[in-house]
Number of protein chains: 2
Amino acid sequence: MLELHLVQNSLLKKVLESIKDFVTDANFHYSATGCSLQAMDSSHVALVVLLLRAEAFELYRCDRNISVGMNLNNMSKMLECAGNDDAIRIKADDGNDTITFVFESPTQRKVSNFEMRLMDIDSELLGIPDLEHHAIVKMPSVEFARICKDLSNIGDTVIISVTREDVTFSTIDDIGSANIVCSQNAAVAKPEEATVIELNEPVSLTFSLRYMNLFTKATPLSNTVTISLASELPAVVEYKIAEMGHVRFYMDPS
Amino acid sequence: MLELHLVQNSLLKKVLESIKDFVTDANFHYSATGCSLQAMDSSHVALVVLLLRAEAFELYRCDRNISVGMNLNNMSKMLECAGNDDAIRIKADDGNDTITFVFESPTQRKVSNFEMRLMDIDSELLGIPDLEHHAIVKMPSVEFARICKDLSNIGDTVIISVTREDVTFSTIDDIGSANIVCSQNAAVAKPEEATVIELNEPVSLTFSLRYMNLFTKATPLSNTVTISLASELPAVVEYKIAEMGHVRFYMDPS
DNA sequence: GCCGCTGTAA
DNA sequence: TTACAGCGGC
């Protein structure tokens, strides 16, 4: 028996928007501590990891560990049927192959019940170790999204180079080349506008812009994004969900 | 000789927007009392009825009954060439196969003349009797539109069930099922936000969501929509035009 | 100035 | 069919 209450449906909508273009079907794993999801994209190039701690929910009841396989597009369609201010209740009974979403409008005048067929999906929760990256860049998420979008108009890959003073995003292609330098600036009015670099060792690594642009779908989840790099490790692009979890994308350098 | 003046071009634009995706060509029938139009969609599944009383116009001159056949897409394109605040004059001379639209900007600095070729279309004005429906639901038009759009993300048909307390819209499809319950609530601050049910007999009928979504194009015409149902009658979905007329859609249950 | 929607391109 | 971009409305 799984039962969740969430006052802000918009949070769940954003989470699904951020990953549904990346993987079509995935298992949500529920345990006593919260909800998690891990999935590779269909080309097995990148990995997405979602974590939503139990505290994210007004009610979180999960009697035993359970995996719920869903088509994320269909789930997203159903969540889209709820207003952003609707409260949402999620229920899945043991031994039932459906999950139920109940949406209540703020006035409770309109109550919607959506039932979705579950899927059987093979997947294991991998234990992902905390990686020791050489360079960690924290910057405004919209700025990062804009840079990736702009550079993808020029080339297919982005070279991310980090020094103690700044982070540079560059690309080279037939039509020309571009590089965008963002200086560290911690001393800014609003902390979410800061660009902060933690550096053990300078790095310069190349990544697929197509995938970076898929990652930036998570921008609405957080004002800031954290990009962690090391030459012999996958990069991690992380969007924190207000102390309640995160969406992380892992991708090897090309 | 037909001559009409209308201060608010936006009204006519909305009327055309509401029916042009439904029928491509139709006759406007003008008589002393006003303007009316009746047309089936091309698949003969549903009927649209437009009535604009003479009082809707600042000037309404119609010397004798006249039918004016027009391609609604072309007419709509021309109306789109006028600003929402423009005044519009419409003229059709007897024995002429064109109709003239004159748009005047509020300052009268800009005057536009559009002339459109008329069409010869076979059509009769049917006498449509006032039907005695078992259930009449009046609700906010945007809410109805939202429900139809949401449910069409899940399935192809909507089952509308009305009891004395509430109206339920539901659908079933491969990916799951959904039902949305709207309680009656007459005691609301603004009357246009009320949901009011008049019931002689509970009904539960199934309709094409594709067509319902075509009907809801008329949403900008009115804050409220009235849905009239009876098991052996076509449903009527009506959008009133501020005491000056209405757009009604008729469709048999599937 | 921001959000939503429509139309176009991949 | 799905994702991106440009335009219009609030």
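What you see is a predicted model, and the numbers here were worked out from it, not measured in a lab. Computed over heavy atoms, backbone and side chain alike; hydrogens, waters and symmetry mates excluded.
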Chemist: Counting primed atoms plus P, OP1 and OP2 as sugar-phosphate and everything else as base, spell out the protein contacts along nucleotides 3-10 of chain D at 4.0 Å heavy-atom distance: B, S or - for each nucleotide, 5' to 3'.
Modeler: SSS-----

Chemist: Could you state the CG-P distance from A:Asn74 to D:dT2, rounded to the nearest angstrom?
Modeler: 11 Å

Chemist: Salt bridge between A:Arg109 and B:Glu143, side-chain N to carboxylate O under 4.0 Å?
Modeler: yes

Chemist: Taking the six-membered ring for Trp, is the centroid-to-centroid distance between A:Phe249 and A:Tyr211 below 6.0 Å?
Modeler: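 Aromatic pair excluded; centres sit 6.0 Å or further apart.
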
Chemist: Shortest non-hydrogen contact from B:Ser222 to B:Lys240?
Modeler: CB-O, 3.2 Å

Chemist: Expressed in angstrom and rounded to an integer, what is the separation of A:Lys77 atom NZ from D:dT1 atom P?
Modeler: 10 Å

Chemist: How far does CG of B:Leu118 sit from CG of B:Asp25, to the nearest 0.5 angstrom?
Modeler: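 Rounded to the nearest 0.5 Å, the CG-CG separation comes out at 11.5 Å.
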
Chemist: Do A:Phe103 and A:Leu79 have side-chain heavy atoms sitting under 4.5 Å apart?
Modeler: yes

